[in-house]
Undergrad: 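Here's a structure for you.
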Amino acid sequence: MKIPSVKGFHDVLPAESARWANLEASARGVFEHYNFAEIRLPVVERADLFRRSVGETTDIVEKEMYAFADRDGTDLTLRPEGTASAVRAYVEHAMQSTEPVTKLFYFGPMFRRERPQRGRLRQFSQIGVEVFGRDDPAIDAEILVLLSDLLQAFGIESATIGVNTLGCAQCRPGFREALVAWGEKHRDELCGDCQRRLQQNPLRLLDCKQKQCTALRDSAPRMLDHCDAQCREHFERVCGLCAAQGVELTVRPYMVRGLDYYCRTAFEVVASGLGAQNAIGGGGRYDGLVRSLGGPAVGGIGFALGMERLALVLEAQGVEAAQPVPEFYVAPMGEAAETAAFLLTHRFRAAGVRVEMDSGSKSLKSQMRRAGKLEVPYVIIIGEDEVAAGSITVRDMRARSDRRNVAGIGTEVGALRAALAAEERA
Ligand code: HAM
């Protein structure tokens, strides 16, 4: 009996993983320019880490965590996101003592028990960045420019970055009050979830996707009108620096985030080609978080992009994920030829060449068919005649011609390439 994979947990097959490798390689290139260092974080953490950071009343913590008791009773969870883990590691290793401004990036799987649909999985992968130790607007702008550079490096064409300010510990309570007052006034028009959110987490009223709630939204109070002068200045400076750098931001006054730790600058990237799950990334500032998890009183900011959604957007744009093609396919026939082919293949590989080799017990026809499928430019044929003559035959797959005795059976790759080039010129 076949054992299927688990709902919401997908395989990334080779045709798709090439795209992922491209995304990761481009991201690494950009992170290098911004002087970020990689951190590799565990996928299992104590469940409390997320309860205390993401927030008890968020969907992630309330409904979506894969939390379980370890055999010794410790309350653990598969991580639903990376920020809290990065903060935990920063605090645990007192990273501020070696590097007052710590700039980290990570790749890896996250787990949320959501209802699976296109672009929404239970295991998904993020590319994330976190900066600890700065709370000035220039770093927020730097992070937004980095985000824009990443999207460009990936070849994402149609993304827009929406920003908002969520205020700070001083001005948020006033905004919350205004929001609750507004919600109470419209209580009967709100959906059931929002009626419940009204007391527990009123900011989430602004984020509701139900028609009756979105219809009301334009009359809701805006954080931008309620935040204090410092938060407003901060926001304006962030927007100003991004504009100066030519990075376009769309102010979305009702945008809030699904995680509770944010303050001041918050942002979300949306792209077309995704349907309902159109957010390919999101992030923001989280100034109280490090302190609340036992660390120093330093600011933090970061974002994460979802790999699956980036891949879907690129697919919708018609961007092919180029599969690497071997330069040579070595086709032996018979055992003696197989030995010679085996040695030649490993000689070439040691020289840094991508080579595929098949079994000497297969027919030349079937080996050629496979080489054709792989779109290999050259097949090195070694049969009984070649072994006897101590030389190789190379089939040029594009010209559909065989070059006999083009090189000795013990040839190095450089000599073979030169011989092939000389023949092509002739
Ligand atoms: P988030 O908005 O929850 O933020 O997730 C970031 C991105 O992860 C989303 O925009 C989406 O692309 C992807 N994502 C989230 N859930 C799923 C899912 N179920 N299936 C597929 N993709 C998904 C965070 O996680 C924050 N930790 C980001 C951050 C970093 N903020 C500050 N630093």
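In listed order, ligands and their atoms are each counted from 1. Note that the coordinates shown come from a computational prediction; the quantities given were computed from them, not determined experimentally.
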Undergrad: Minimum heavy-atom separation for E184 and R187, please, with both atom names.
TA: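 Smallest heavy-atom distance, with atoms named: OE1-NE, 3.1 Å.
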Undergrad: Taking only heavy atoms of R120, which atoms of ligand 1 are found under 4.0 Å from at least one of them?
TA: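 That gives atoms 19 (N), 20 (N) of ligand 1.
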Undergrad: At what distance, to the nearest 0.5 angstrom, does SG of C231 lie from CE of M223?
TA: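 One finds 6.5 Å between SG of C231 and CE of M223.
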Undergrad: Consider only side-chain N and O atoms of H33 and D149, and report whether a donor and an acceptor are under 3.5 Å apart.
TA: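 There is no such pair (donor and acceptor under 3.5 Å, judged by atom type) between the side chains of H33 and D149.
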Undergrad: Got T83 and E130 here, is their nearest side-chain heavy-atom distance under 4.5 Å?
TA: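 In contact.
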Undergrad: Is the closest side-chain donor-acceptor distance between S158 and S272 under 3.5 Å?
TA: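 Note: S158 and S272 side chains meet the donor-acceptor criterion.
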Undergrad: Check each of F267, Y286, Y261 against atom 26 (C) of ligand 1 and report the one with the nearest heavy atom.
TA: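 Result: the heavy atom closest to atom 26 (C) of ligand 1 is in Y261.
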Undergrad: Kindly indicate whether the side chain of D75, heavy atoms from C-beta on, has any atom under 4.5 Å from the side chain of R51.
TA: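 Yes, at least one pair of side-chain atoms sits under 4.5 Å.
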Undergrad: Can you report which non-hydrogen protein atom sits closest to atom 11 (C) of ligand 1, along with the distance?
TA: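 Its nearest protein heavy-atom neighbour is R309 NH1, 3.5 Å.
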Undergrad: Have Q200 and T57 got a donor and an acceptor in their side chains that come within less than 3.5 Å?
TA: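 Side chains of Q200 and T57: no pair found under 3.5 Å.
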Undergrad: Say whether I301, considering both its backbone and side-chain N or O atoms, lies within less than 3.5 Å of an N or O atom on ligand 1.
TA: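 Between I301 and ligand 1, no N or O pair is found under 3.5 Å apart.
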Undergrad: How about R217 and Y254: does a side-chain donor come under 3.5 Å of a side-chain acceptor?
TA: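 Short answer, no.
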Undergrad: Would you say that F348 contacts I380 through its side chain, given a criterion of any heavy-atom pair below 4.5 Å between the two side chains?
TA: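 Sidechains of I380 and F348: in contact.
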Undergrad: Under 3.5 Å between some N or O of ligand 1 and some N or O of G306?
TA: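 In this structure, G306 places an N or O atom under 3.5 Å from an N or O of ligand 1.
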Undergrad: Identify the heavy atoms of R349 and H346 that sit nearest to each other, and give their distance.
TA: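 Nearest pair, atom of R349 first, then H346: NH1-NE2, 3.3 Å.
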Undergrad: Is it the case that ligand 1 has an N or O less than 3.5 angstrom from some N or O of A304?
TA: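 N/O-N/O distance below 3.5 Å does not exist for this pair.
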Undergrad: Does only the side chain of E130 get under 4.0 Å from ligand 1, or the backbone, or both, or neither? Count heavy atoms.
TA: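 It is the side chain that gets close, since no backbone atom is under 4.0 Å.
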Undergrad: List the closest protein heavy-atom neighbour of atom 20 (N) of ligand 1: residue, atom name, distance to the nearest 0.1 Å.
TA: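 I find the closest protein heavy atom is L121 N, 3.0 Å.
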Undergrad: Report yes or no: does a heavy atom of G258 sit under 4.0 Å from some atom of ligand 1?
TA: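 For ligand 1, residue contact (heavy atoms, under 4.0 Å) with G258 is absent.
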Undergrad: Check for a donor-acceptor pair, side chain of R252 on one end and backbone N or O of N164 on the other, with a separation under 3.5 Å.
TA: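 No; zero donor-acceptor contacts below 3.5 Å.
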Undergrad: Where's the contact between I60 and ligand 1, heavy-atom distance under 4.0 Å: side chain, backbone, both or neither?
TA: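 For I60, there is no contact with ligand 1 at all, from either part.
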Undergrad: Number the atoms of ligand 1 from 1 as they appear, then name those within less than 4.0 Å of a heavy atom of G119, with their elements.
TA: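 What qualifies from ligand 1 is 20 (N), 21 (C), 22 (N).
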Undergrad: Among all protein non-hydrogen atoms, which one is nearest to atom 31 (N) of ligand 1, and what is the separation to 0.1 Å?
TA: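 It is Y262 OH, 2.6 Å.
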Undergrad: Provide, to 0.1 Å, the distance between atom 27 (N) of ligand 1 and the closest protein heavy atom, together with that atom's residue and name.
TA: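 For atom 27 (N) of ligand 1, the nearest protein heavy atom comes out as E81 OE1, 2.6 Å.
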Undergrad: Which one holds for F124 and ligand 1: side chain close, backbone close, both close, or neither close, with close meaning a heavy atom under 4.0 Å?
TA: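 F124 to ligand 1: side-chain contact only, backbone stays beyond 4.0 Å.
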Undergrad: By the definition ring pair (Phe, Tyr, Trp, His ring centres under 6.0 Å), identify the one residue from Y34, F36, F31 that meets it with F105.
TA: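 Passing option: F31.
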Undergrad: For R257, state whether at least one heavy atom is located under 4.0 Å from any atom of ligand 1.
TA: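 Judged by the 4.0 Å heavy-atom criterion, R257 does count as contacting ligand 1.
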Undergrad: For ligand 1, note which part of F111 has a heavy atom under 4.0 Å away: side chain, backbone, both or neither.
TA: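 It is neither; nothing of F111 touches ligand 1.
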Undergrad: I'd like the name of whichever of G302, A86, G300, G281 reaches closest to atom 10 (O) of ligand 1 through any heavy atom.
TA: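 Of the listed residues, G281 has the closest heavy atom.
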Undergrad: Do D358 and R370 sit within salt-bridge range, that is, some charged N less than 4.0 Å from a carboxylate O?
TA: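 Judged by the 4.0 Å cut-off on N to carboxylate O distance, D358 and R370 do form a salt bridge.
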Undergrad: I'd like to know if A279 contacts ligand 1, where contact means a heavy-atom distance under 4.0 Å to any ligand atom.
TA: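 True for this residue.
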Undergrad: Give the residue and atom name of whichever protein heavy atom lies nearest to atom 30 (C) of ligand 1, and the separation in Å to one decimal.
TA: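 The closest heavy atom on the protein side is T83 OG1, 2.9 Å.
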Undergrad: What part of Q126, side chain, backbone, both or neither, has a heavy atom within less than 4.0 angstrom of ligand 1?
TA: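 It is the side chain that touches ligand 1; the backbone stays farther off.
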Undergrad: Within the structure, does Y106 bring an N/O atom to less than 3.5 angstrom of an N/O atom in ligand 1?
TA: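 Looking only at distances, the answer is no, because the N/O contact criterion of under 3.5 Å is not met.
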Undergrad: Please state which protein non-hydrogen atom is closest to atom 19 (N) of ligand 1 and give its distance, to 0.1 Å?
TA: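 Protein heavy atom at minimum distance: E114 OE2, 2.6 Å.
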Undergrad: Check this for me - ligand 1, L259, N or O atoms closer than 3.5 angstrom, yes or no?
TA: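 No: no nitrogen or oxygen of L259 is under 3.5 Å from one in ligand 1.
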Undergrad: Quick one: nearest non-hydrogen protein atom to atom 12 (O) of ligand 1, plus distance?
TA: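 Scanning the protein heavy atoms, the shortest distance from atom 12 (O) of ligand 1 goes to I280 O, 3.0 Å.
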Undergrad: Hey, is ligand 1 close enough to R112 that some N/O pair sits below 3.5 Å?
TA: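 Among all N and O atoms of R112, at least one is under 3.5 Å from an N or O of ligand 1.
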Undergrad: Check each atom of ligand 1 against the heavy atoms of G282 and keep those under 4.0 Å away; list them by number with element.
TA: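 Taking each heavy atom of G282 in turn, ligand 1 has 10 (O), 28 (C), 29 (C) under 4.0 Å.
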Undergrad: Out of all atoms in ligand 1, which are within 4.0 Å of some heavy atom of G283? Include the element for each.
TA: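 Those qualifying, in numeric order: 31 (N).
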Undergrad: Locate the shortest heavy-atom distance separating P296 from Q96; write the atom from each residue and the value.
TA: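 Between these two residues, the closest heavy atoms are CG-CD, 3.7 Å.
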Undergrad: Quick check for you: to the nearest 0.5 Å, what is the distance between I139 atom CD1 and K103 atom NZ?
TA: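 Answer rounded to 0.5 Å: 5.5 Å.
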Undergrad: Do you know the tightest heavy-atom contact between D260 and G55?
TA: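 Between these two residues, the closest heavy atoms are OD2-CA, 3.5 Å.
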